[in-house]
**Student:** 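The structure is given below, and queries will be raised subsequently.
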Amino acid sequence: MKKSKRFLAMISVLMVILLAACGGKEETTKESKAEEGNTEDTSYTVEHAMGTATLEKAPEKVVILTNEGTEALLALGITPVGAVQSWSPDGEWYDHIAADMKDVQVVGTESAVTVEAIAALQPDLIIGNKMRQEDIYEQLDAIAPTVFAETLRGNWQENFELYSKAVNKEEEGQKVIGDYNDRISGLSEKLGDKLNQEISIVRFMANDVRIYYKDSFSGVILEQLGFARPESQDVNDFAALGVTPERIPEMDGDKLFYFTYADAEGKAKSAAEEWINNPLFQNLEVAKNGEVHEVSDSIWNTAGGVVAANLMLDDIEKFFLE
């Protein structure tokens, strides 16, 4: 009888020990899950042109206020809830991104943002640009954490890195830039001696003609590839604005690529035809050699982002390697 009682007591002690151990494991599991959850929701800060923005977690609803920023988000696998309209008279979005933007709300243009439309979307991150929207930064920041890039001109990669940090996708961003840089290196190698050709870049608009230098979107890409530029265009600046016919000789080169801003009335296209038919232009060596080529204004200039950059490389391959 005493042995039976002792046996039962031992069983009871063992059960208590087992239950305590299970409880400990359960608490450990709960703590681990809590830690994992905290990792997902960890807040982070982003230094930008207007100061510092703090986000409680990776954003789910992003509004983007530049065209090149829109391309950055798409490349990172993010569809914004709101975006500024493309610089295009034919529709809300450039043809090369239209399919990805069909459900995105328009919130004005880069130079005329509609703050009320942004607020209605209840975003948890707004990405804009000091050069375009500095005057409304405080209004935007009152709606949601707002990150501003400093400028729009030159190398799109600088802004792209900022956007990657803002949406908490730095690793994905590094891969996008890495893939692009690999493509630049590979294409440059294939081009070889063709890089010695001097490339001229010109833009025709209804009320302006511009010769583009090295710090323009297309100029940066040409320099990354290693192309030569005419001496008059081998300048560390954006562009010569308000060009007059007397400066047509500065447009000469081995190949000339031009683009026109697509206005609804077609005035830019008419201006381009007038300039190209000008006897001074026809006297250029590049015109005599039949090396004047029209390319897309959105891809070579106005879109200004990673998607357009890769499409411009497609054009380079077509003109030089096919």
Side-chain angles (χ1 to χ4, degrees), residues 67 86-90 94-96 111 152-154 191 193-304 308-309 311-322:
N67 284 280
S86 299
W87 297 116
S88 172
D90 300 325
Y94 295 126
D95 290 343
H96 65 275
S111 55
L152 283 170
R153 294 172 180 169
L191 288 165
D193 292 342
K194 292 182 174 65
L195 294 173
N196 294 326
Q197 297 182 47
E198 295 182 352
I199 309 303
S200 178
I201 305 292
V202 179
R203 188 190 197 199
F204 298 107
M205 305 167 70
N207 300 308
D208 193 12
V209 174
R210 300 178 176 182
I211 299 174
Y212 278 70
Y213 297 152
K214 292 165 63 175
D215 196 28
S216 61
F217 176 71
S218 51
V220 166
I221 293 173
L222 291 176
E223 185 169 26
Q224 288 172 337
L225 287 168
F227 272 110
R229 301 294 301 276
E231 184 178 354
S232 61
Q233 298 179 33
D234 193 20
V235 180
N236 291 318
D237 200 351
F238 171 58
L241 311 181
V243 172
T244 58
E246 290 75 19
R247 298 184 66 177
I248 284 178
E250 296 177 31
M251 299 178 180
D252 213 350
D254 294 310
K255 271 188 171 62
L256 185 153
F257 295 101
Y258 76 91
F259 33 87
T260 60
Y261 179 69
D263 58 288
E265 296 81 16
K267 292 181 180 179
K269 187 173 181 61
S270 297
E273 292 174 356
E274 182 179 339
W275 276 73
I276 290 171
N277 290 321
N278 186 306
L280 285 173
F281 189 96
Q282 288 298 312
N283 197 45
L284 296 175
E285 290 300 317
V286 70
K288 292 177 181 178
N289 294 331
E291 291 291 356
V292 178
H293 307 283
E294 183 177 11
V295 291
S296 167
D297 185 76
S298 58
I299 291 172
W300 282 61
N301 186 51
T302 53
L311 290 172
M312 181 176 162
L313 294 184
D314 290 345
D315 285 346
I316 295 293
E317 289 181 333
K318 178 181 70 175
F319 282 110
F320 287 90
L321 298 177
E322 291 183 2

**Student:** Could you tell me the separation between the OG atom of Ser88 and the OH atom of Tyr261, rounded to the nearest 0.5 Å?
**Tutor:**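 Answer for the OG-OH pair, Ser88 versus Tyr261, is 7.5 Å.
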**Student:** For a quick test of reading the model, state the closest non-hydrogen atom pair linking Ser216 to Phe238 and the distance between them.
**Tutor:**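 Here Ser216 and Phe238 meet closest at CB-O, 3.8 Å.
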**Student:** Which residue pairs pass the salt bridge (charged side-chain N to carboxylate O under 4.0 Å, His left out) test with at least one member in residues 243-254, sequence neighbours excluded?
**Tutor:**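 Sorted pair list: Arg247-Glu250.
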**Student:** In residues 312-322, what donor-acceptor pairs under 3.5 Å come from side-chain atoms, sequence neighbours left out?
**Tutor:**
from, atom 1, to, atom 2, distance (Å)
Asp314, OD1, Arg183, NH1, 3.4
Asp314, OD1, Arg183, NH2, 2.4
Asp315, OD2, Trp300, NE1, 2.8
Glu317, OE1, Arg183, NH2, 3.4

**Student:** Working to the nearest 0.5 angstrom, can you tell me the gap between Ile201 CD1 and Tyr258 OH?
**Tutor:** 13.0 Å
**Student:** Please report the closest heavy-atom contact between Asp237 and Tyr213, naming both atoms and the distance.
**Tutor:**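 For Asp237 versus Tyr213, the nearest heavy atoms are O-CB, 3.0 Å.
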**Student:** Does CD belonging to Glu265 count more than 12 external heavy atoms closer than 6.0 Å?
**Tutor:**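 It does: Glu265 CD has more than 12 such atoms within range.
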**Student:** Who are the side-chain hydrogen bond (donor to acceptor under 3.5 Å, both in side chains) partners of Thr302, not counting sequence neighbours?
**Tutor:** Tyr94
**Student:** Within a 6.0 Å radius of atom CD on Glu273, are there more than 12 heavy atoms belonging to other residues, nucleotides or ligands?
**Tutor:**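 Yes.
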**Student:** Walk me through it: do Phe281 and Leu256 pass the test side-chain contact (heavy atoms from CB on, under 4.5 Å)?
**Tutor:** CA-CA 11 Å; Phe281 189 96; Leu256 185 153; 4.1 Å; yes
**Student:** Identify the two heavy atoms, one from Pro245 and one from Asn278, that lie closest to each other, and give their separation to 0.1 Å.
**Tutor:** CB-ND2, 4.4 Å
**Student:** Just jot down the side-chain contact (heavy atoms from CB on, under 4.5 Å) partners of Pro249, sequence neighbours excluded, or say none.
**Tutor:**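 Checked Pro249 against side-chain contact (heavy atoms from CB on, under 4.5 Å); zero matches.
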**Student:** At what distance, to the nearest 0.5 angstrom, does OG of Ser298 lie from CG of Asn67?
**Tutor:** 9.5 Å
**Student:** Donor-acceptor pairs under 3.5 angstrom involving side-chain atoms of residues 282-292: please list them, not counting sequence neighbours.
**Tutor:**
from, atom 1, to, atom 2, distance (Å)
Gln282, NE2, Ile276, O, 2.5
Asn283, OD1, Lys288, NZ, 3.3
Asn289, ND2, Glu285, O, 3.1
Glu291, OE1, His293, NE2, 2.8

**Student:** Just jot down the side-chain hydrogen bond (donor to acceptor under 3.5 Å, both in side chains) partners of Asn301, sequence neighbours excluded, or say none.
**Tutor:** none
**Student:** Write down the atom of Ala303, the atom of Ala308, and the distance for their closest heavy-atom approach.
**Tutor:**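 Looking at all heavy atoms of both residues, the closest pair is CB-CB, 3.8 Å.
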**Student:** Which residue pairs satisfy the side chain to side chain donor-acceptor pair (under 3.5 Å) criterion with at least one member in residues 200-212, sequence neighbours excluded?
**Tutor:**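 For residues 200-212, and leaving out neighbouring residues, the side chain to side chain donor-acceptor pair (under 3.5 Å) pairs sorted by first residue read Ser200-Gln233, Arg203-Asp297, Asp208-Arg210.
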**Student:** Please round to the nearest 0.5 Å and tell me the distance separating atom OG of Ser296 and atom CZ of Phe257.
**Tutor:** 13.0 Å
**Student:** Just to verify, what does Thr260 make a side-chain hydrogen bond (donor to acceptor under 3.5 Å, both in side chains) with, not counting sequence neighbours?
**Tutor:** none
**Student:** To the nearest 0.5 Å, what is the distance between CD1 on Ile211 and CG on Leu241?
**Tutor:**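 Reported to 0.5 Å precision, the distance equals 10.5 Å.
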**Student:** Side-chain atoms of residues 217-226: list all donor-acceptor pairs with protein atoms under 3.5 Å, sequence neighbours left out, distances to 0.1 Å.
**Tutor:**
from, atom 1, to, atom 2, distance (Å)
Glu223, OE2, Lys214, NZ, 3.4
Gln224, OE1, Tyr180, OH, 2.8

**Student:** Is Lys255 atom NZ crowded by more than 12 heavy atoms from other residues, nucleotides or ligands, each under 6.0 Å away?
**Tutor:** yes
